[in-house]
Amino acid sequence: MKLKSIVFALAAATVVNAGLVASAFAQQPIIIKFSHVVANDTPKGKAAERFKELAEKATKGRVKVEVYPNSTLYKDKEELEALQLGAVQMLAPSLAKFGPLGVKEFEVFDLPYIFPSKDVLYRVTEGPIGKDLFKKLEPKGITGLAYWDNGFKVMSANKPLHQPSDFRGLKMRIQSSKVLDAQMRALGANPQVLAFSEVYQALQTGVVDGTENPPSNLYTQKMHEVQKHVTVSNHGYLGYAVIVNKKFWDGLPSDVRTQLEGAMKDATKYANAIAQQENDAALAAVEKTGKTTVYRLTDAQKAEWRKALLPVQQQMASRIGKELIDAVNKESAALGQK
């Protein structure tokens with residue numbers, strides 16, 4: 001009887017200890033590693049920090065968001081694979097990154113002059129087109145949560161860029177995008193694919209002659225210090241998709257997932273509200289340094305740029321999908337814009 005009592009006591013203790021361990025584990029916060037490649041003081045950087053704050057508050061500490069800015073965790077060439085492998089849970093890559101992943105439809109965002117205004121852009125990202133594009137990521141193990149705005153792009157170089165002929169022979173840095181490659185070739189430039197973290201040094205050493213960016217990226221990465229001329233061309237758009245590892249997201253407790261969706265919705269409103277003001281402030285700061293001449297195209301020059309670049313839409317139709325391009329252009333027409 002004594003032996004049986006000891007065995008019973010040991011078994012009971014094991015059950016209790018297992019329960020305590022399970023309880024302790026359940027109380028451990030869920031970690032979300034959020035990696036991105038830009039500085040903290042950019043629209044995306046600030047929005048990531050806002051999401052962290054909102055998510056941790058909404059979940060009452062059940063979720064901890066670790067933000068890794070400025071390519072400190074992964075460079076832009078590596079981060080999507082890291083997400084798919086589960087090494088990181090959340091990213092906000094530029095929309096151009098999904099083309100090389102095999103979802104070429106996202107390259108519609110790279111087309112020059114496809115968005116005449118932010119109103120048209122938001123009709124696309126917040127409507128059926130944006131939702132359908134996110135669905136195409138799911139077979140890749142990725143869930144799309146939100147589109148974050150950054151802004152329209154400027155061109156920079158160490159020579160004035162007033163008309164398309166000024167680009168002839170220049171080595172221009174681009175993201176890995178067939179559309180952006182075609183865009184630079186349409187201007188007579190030689191496109192060079194480089195990781196974002198490598199651009200400043202490449203400009204400084206002359207590996208490339210110029211690049212395109214929203215002003216906030218240009219300024220926070222100090223590219224203006226090694227670029228003498230900036231042209232406010234607004235020829236193209238740069239935005240981001242906030243994405244998560246699908247398996248991780250689907251495995252979250254449903255109440256936590258709902259709380260995170262709410263936090264993301266509020267962070268997205270914030271991100272899109274500050275994008276334009278951040279870019280306007282960055283451009284003013286570049287001008288104030290006196291190191292870089294900022295040039296604004298005349299109406300006649302804008303017409304020249306459009307004439308040179310609009311054919312890229314037709315050229316890329318077989319890659320991106322003519323129906324998708326037409327659908328985006330219909331959103332412009334619906335608002336009476338072209």
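None of the values given here were measured: they were computed from a predicted structure. In this chain, residues are counted from 1 in sequence order.
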Testing Thr293, Leu161, Val154 for side-chain contact (heavy atoms from CB on, under 4.5 Å) with Val230, which one passes?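 It is Val154; the other options fail the test.
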
Can you spot which of Glu79, Lys97, Lys75 makes a side-chain contact (heavy atoms from CB on, under 4.5 Å) with Val37?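 Only one of Glu79, Lys97, Lys75 forms a side-chain contact (heavy atoms from CB on, under 4.5 Å) with Val37, namely Glu79.
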
At their closest point, which heavy atom of [X] faces which heavy atom of [Y], and how far apart are they?
X      : Y      : result
Thr211 : Met172 : N-CE, 3.4 Å
Lys44  : Ala92  : NZ-O, 2.7 Å
Lys33  : Val88  : O-CG2, 3.0 Å
Gln84  : Asn245 : O-ND2, 3.6 Å
His36  : Ala39  : CE1-O, 4.2 Å
Ile325 : Gln313 : CD1-O, 3.6 Å

Donor-acceptor pair, distance only, cut-off 3.5 Å: does the side chain of [X] make one with the backbone of [Y]?
X      : Y      : value
Arg257 : Trp249 : yes
Thr292 : His224 : yes
Lys159 : Asp166 : yes
Asp209 : Ala157 : no
Gln183 : Lys178 : no
Asn279 : Asn150 : yes

State yes or no: do [X] and [Y] share one hydrophobic cluster built from I, L, V, M, F, W and Y residues joined by side-chain heavy-atom distances below 4.5 Å, directly or via other members?
X      : Y      : value
Leu54  : Tyr147 : no
Val179 : Phe109 : yes
Met223 : Val232 : yes
Phe196 : Leu180 : no
Val120 : Leu309 : no

Look at atom [atom1] of [X] and say whether more than 12 heavy atoms of other residues, nucleotides or ligands are closer to it than 6.0 Å.
X      : atom1 : value
Lys118 : NZ    : yes
Tyr240 : OH    : yes
Gln204 : CD    : yes
Gln201 : CD    : no

Would Val244 and Ile32 count as a side chain to side chain contact (heavy atoms under 4.5 Å, CB included) if you check the C-alpha gap in whole Å, the side-chain angles of each, and the deciding distance to 0.1 Å? CA-CA 9 Å; Val244 288; Ile32 296 179; 5.9 Å; no

Side-chain contact, heavy-atom cut-off 4.5 Å: [X] with [Y]?
X      : Y      : answer
Arg123 : Phe115 : no
Glu66  : Leu73  : no
Arg168 : Ser165 : yes
Lys171 : Val207 : no
Tyr200 : Glu225 : yes
Asn329 : Ile114 : yes
Thr220 : Val38  : no
Ile30  : Phe248 : yes

Distance, nearest 0.5 Å, that separates [atom1] of [X] from [atom2] of [Y]:
X      : Y      : atom1 : atom2 : answer
Met155 : Leu218 : CE    : CG    : 12.5 Å
Lys247 : Leu85  : NZ    : CG    : 11.5 Å
Asn234 : Leu297 : CG    : CG    : 8.5 Å
Lys265 : Leu260 : NZ    : CG    : 15.0 Å
Gln315 : Ile320 : CD    : CD1   : 10.0 Å
Lys131 : Ile129 : NZ    : CD1   : 11.0 Å

Electrostatic pair [X]-[Y], nearest N-O below 4.0 angstrom:
X      : Y      : value
Lys46  : Glu278 : yes
Glu56  : Lys52  : yes
Glu198 : Arg173 : no
Arg62  : Asp255 : yes

Answer with yes or no after comparing the ring centroid distance for Tyr295 and His229 against a 6.0 Å cut-off, counting only values under it.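 Centroid separation for Tyr295 and His229: 6.0 Å or greater.
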
Residue pair Thr125, Asp149: steps toward the side chain to side chain contact (heavy atoms under 4.5 Å, CB included) verdict: CA-CA 10 Å; Thr125 56; Asp149 187 16; over 6 Å; no

For a side chain to side chain contact (heavy atoms under 4.5 Å, CB included) check, start with the C-alpha distance between Leu137 and Thr143, then their side-chain angles and the critical distance, and finish with the verdict. CA-CA 6 Å; Leu137 295 176; Thr143 295; over 6 Å; no

Below 3.5 Å, can you tabulate the donor-acceptor pairs from side chains in residues 98-108 to any protein atom, sequence neighbours excluded?
unit_1 : atom_1 : unit_2 : atom_2 : d
Glu107 : OE1    : Arg319 : NE     : 2.6
Glu107 : OE2    : Arg319 : NH2    : 3.2

Aromatic plane relationship, Phe167 with Trp305 - under 30° parallel, 30 to 60° tilted, over 60° perpendicular: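 The arrangement is perpendicular - the two ring planes meet at more than 60°.
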
Between Asn217 and Glu212, is any side-chain donor less than 3.5 angstrom from a side-chain acceptor?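 No, because no side-chain N or O of Asn217 sits under 3.5 Å from a partner of the opposite role on Glu212.
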
Determine whether Tyr74 and Leu83 satisfy the following criterion, side chain to side chain contact (heavy atoms under 4.5 Å, CB included), listing intermediate values before the conclusion. CA-CA 10 Å; Tyr74 295 104; Leu83 182 87; over 6 Å; no

Side chain to side chain donor-acceptor pair (under 3.5 Å), paired with Gln221, selected from Asn70, Asn213, Thr42: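 Output: one option passes, namely Asn70.
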
